[in-house]
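Notes follow once the structure below has been shown.
Here the structure is a predicted model, which means the values were calculated and not measured. So you know, we letter chains A, B, ... as the sequences are listed, proteins then strands, and number each from 1.
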Protein chains: 2
Amino acid sequence: MLTAERKALIQRVLQRDGRLIAKSFSQEIGISEDTIRRDLRELAAEGLLQRVHGGALPASSAEADFASRQAIGASAKSSLGRAAARLIARGQIVFLDGGTSNIQLARQIPLDLRATVITHSPSIAVELAGHPSIEVEMIGGRLFKHSIVTVGSTSAEAIARIQTDIFFMGVTGLHPEIGATTGDAEEASIKRLISRQAGETIVIATKEKLGAASPYQIVPMSEITTVITEGQDESGQLDQFKSAAVTVVEVDD
Amino acid sequence: MLTAERKALIQRVLQRDGRLIAKSFSQEIGISEDTIRRDLRELAAEGLLQRVHGGALPASSAEADFASRQAIGASAKSSLGRAAARLIARGQIVFLDGGTSNIQLARQIPLDLRATVITHSPSIAVELAGHPSIEVEMIGGRLFKHSIVTVGSTSAEAIARIQTDIFFMGVTGLHPEIGATTGDAEEASIKRLISRQAGETIVIATKEKLGAASPYQIVPMSEITTVITEGQDESGQLDQFKSAAVTVVEVDD
DNA sequence: CTTGACTCTGCACGATATTGCACGAAAATT
DNA sequence: AATTTTCGTGCAATATCGTGCAGAGTCAAG
């Protein structure tokens with residue numbers, strides 16, 4: 001087995017299980033613990049995971065900081081969410097992905113707007129249960145705890161039967177050449193499917209996600225209709241996205 | 001279990017419950033008290049929590065305030081949930097209905113119990129996303145906002161394909177002759193279907209629900225295996241249930 | 001084809017960390 | 001004041017870590 005393969009596998013297991021035990025993992029793939037520990041040390045040095053006694057945890061440790069992630073940059077996310085919510089027209093069928101940006105979006109939907117929201121995020125469903133005029137449809141399936149969205153074949157089948165006007169996609173990275181990416185292969189696959197069923201695919205990206213790339217590609221830039229991001233374009237990155245035939249909406253805080 | 005995971009878990013429980021008892025927590029996750037106390041000491045040294053005799057409280061005083069408010073009175077409600085959670089055996093497939101009683105139940109599931117929870121309540125799904133060893137399967141469908149559960153034909157189809165060991169049913173009334181009732185016809189129909197797919201049907205009923213009846217019958221008493229309720233039987237109502245070949249679990253506060 | 005530099009891997013071993021137990025001290029409860 | 005519970009520390013057993021080292025494989029220059 002190649003070193004690079006092994007390292008990729010480590011990251012995948014880490015994304016899937018939210019942790020990795022050095023001893024049991026080494027037995028599982030039939031490699032000595034020493035080698036695994038070496039890999040873990042190197043990946044930790046690159047900041048790709050968090051090394052702990054006994055194994056490793058994801059770099060941005062899983063659900064533990066879901067709440068704190070929500071707190072960080074909340075004001076920026078809520079103004080992005082407000083801008084995104086304005087793109088929903090009366091009567092449309094909208095797919096809302098999981099993630100903190102989309103929860104903000106859900107909170108910003110005008111109270112008199114009548115529309116249908118499809119989601120595979122229980123958090124979004126709970127949030128919208130309090131909205132007076134939005135019809136909510138929940139996609140079932142196995143719960144992927146890290147992102148708190150449903151995945152798997154049950155989800156895929158349900159999604160395949162629904163055509164939507166707009167898909168607000170959550171990503172962990174958005175790169176001009178690589179496109180939209182996320183940290184889990186199965187999640188990427190589900191997002192790809194949703195995108196195919198949608199007329200428009202819109203990505204809300206805070207500035208730290210611009211130019212970043214995670215292991216798994218969801219779709220290339222060509223599949224993305226609109227990017228909603230913060231207005232302070234320091235690095236000129238936005239020009240790269242604009243030239244990719246994508247509408248870029250810049251929002252000031 | 002990794003040390004870092006354990007510490008993360010401690011902080012999450014602290015955030016959720018507003019407090020942590022060293023002794024009961026150590027039993028819950030099957031680790032010696034010494035280790036837990038050591039963890040608490042270390043986390044306190046980092047300023048991540050406040051160490052107190054018997055356990056720990058959240059670091060910030062604002063949260064501690066919220067915590068004590070929540071702790072008072074919640075203990076009465078959660079004791080029913082705790083009793084219910086004890087009925088779940090390792091490896092079982094359990095259907096958790098919506099409702100506040102079942103959310104309490106979800107919170108009381110021992111942290112080391114491995115089981116699968118099926119639910120049509122997004123709130124339950126979100127709650128269990130934080131549980132380290134429970135597999136969660138979400139039933140999709142149209143969201144019935146009043147109860148925050150999914151209903152409709154999509155839900156019904158998904159439910160019809162699943163056989164479960166136990167169904168913890170939420171009701172608004174439980175009457176010795178009329179049986180279990182609720183306020184919405186469609187919800188009643190979905191609950192009936194779930195009950196048919198389950199080996200046991202268990203109802204958690206606070207005392208104000210006993211003897212009460214809502215417009216729509218879900219199932220007659222003969223379909224209910226167990227009733228979990230509060231221990232203070234003033235009116236002799238429980239005898240009526242006991243004579244209906246139902247196991248009655250009385251819980252003292 | 002050979003040689004030498006280089007990398008990767010597994011093993012050995014001393015260093016370090018973690019855990020549970022024992023026991024006396026401190027705190028809470030009666 | 002007596003009793004029970006909880007705490008903290010020392011200690012020993014165990015698990016995990018990091019490093020040095022040697023053998024195997026790779027690759028390119030000779």
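In terms of phosphate contacts, B/R37 brings no side-chain nitrogen or oxygen within less than 4.0 Å of OP1 or OP2 of D/dT5. In terms of phosphate contacts, B/K23 brings a side-chain nitrogen or oxygen within less than 4.0 Å of OP1 or OP2 of D/dT6.
In this structure, the separation between CG on A/L14 and CG on A/D184 is 11.5 Å, given to the nearest 0.5 Å.
One atom, CD1 of A/I29, and another, P of C/dC8, lie 16 Å apart when rounded to the nearest Å. Rounded to an integer number of Å, the gap from B/L40 CG to D/dG8 C1' is 13 Å. Counting to the nearest Å, the C1' atom of C/dG10 and the CD atom of A/Q27 are 15 Å from each other.
At distances below 3.5 Å, at least one donor-acceptor pair connects side-chain atoms of B/S133 with backbone N or O atoms of B/L113.
When side chains are defined from C-beta on, A/V149 counts as touching A/E187, because their heavy atoms get closer than 4.5 Å. At least one side-chain heavy atom of A/E230 sits under 4.5 Å from a side-chain heavy atom of A/L80.
Residues B/R38 and B/E42 are not paired through a salt bridge, judged by the lack of any N-O separation under 4.0 Å between the basic side chain and the carboxylate.
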Strictly under 3.5 Å: I want the nitrogen or oxygen pairs between protein and nucleotides 18-27 of chain C, one per line.
{"residue": "C/dT19", "atom": "OP1", "partner": "B/T3", "partner atom": "OG1", "Å": "3.4"}
{"residue": "C/dT19", "atom": "OP1", "partner": "B/R6", "partner atom": "NH1", "Å": "2.6"}
{"residue": "C/dT19", "atom": "OP1", "partner": "B/R6", "partner atom": "NH2", "Å": "3.2"}
{"residue": "C/dT19", "atom": "OP2", "partner": "B/R6", "partner atom": "NH2", "Å": "3.0"}
{"residue": "C/dG20", "atom": "OP2", "partner": "B/S32", "partner atom": "OG", "Å": "2.8"}
{"residue": "C/dG20", "atom": "OP2", "partner": "B/T35", "partner atom": "OG1", "Å": "2.4"}
{"residue": "C/dG20", "atom": "N7", "partner": "B/R38", "partner atom": "NH2", "Å": "2.7"}
{"residue": "C/dG20", "atom": "O6", "partner": "B/R38", "partner atom": "NH1", "Å": "3.4"}
{"residue": "C/dG20", "atom": "O6", "partner": "B/R38", "partner atom": "NH2", "Å": "3.4"}
{"residue": "C/dC21", "atom": "N4", "partner": "B/D34", "partner atom": "OD2", "Å": "3.2"}
{"residue": "C/dA22", "atom": "N6", "partner": "B/D34", "partner atom": "OD2", "Å": "3.4"}

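Each of A/R51 and B/I21 was assigned the nucleotide of DNA chain D with the nearest heavy atom; the assignment lying further toward the 5' end belongs to B/I21.
The salt bridge (Lys or Arg N to Asp or Glu O under 4.0 Å) search around A/E223 returns none, not counting sequence neighbours.
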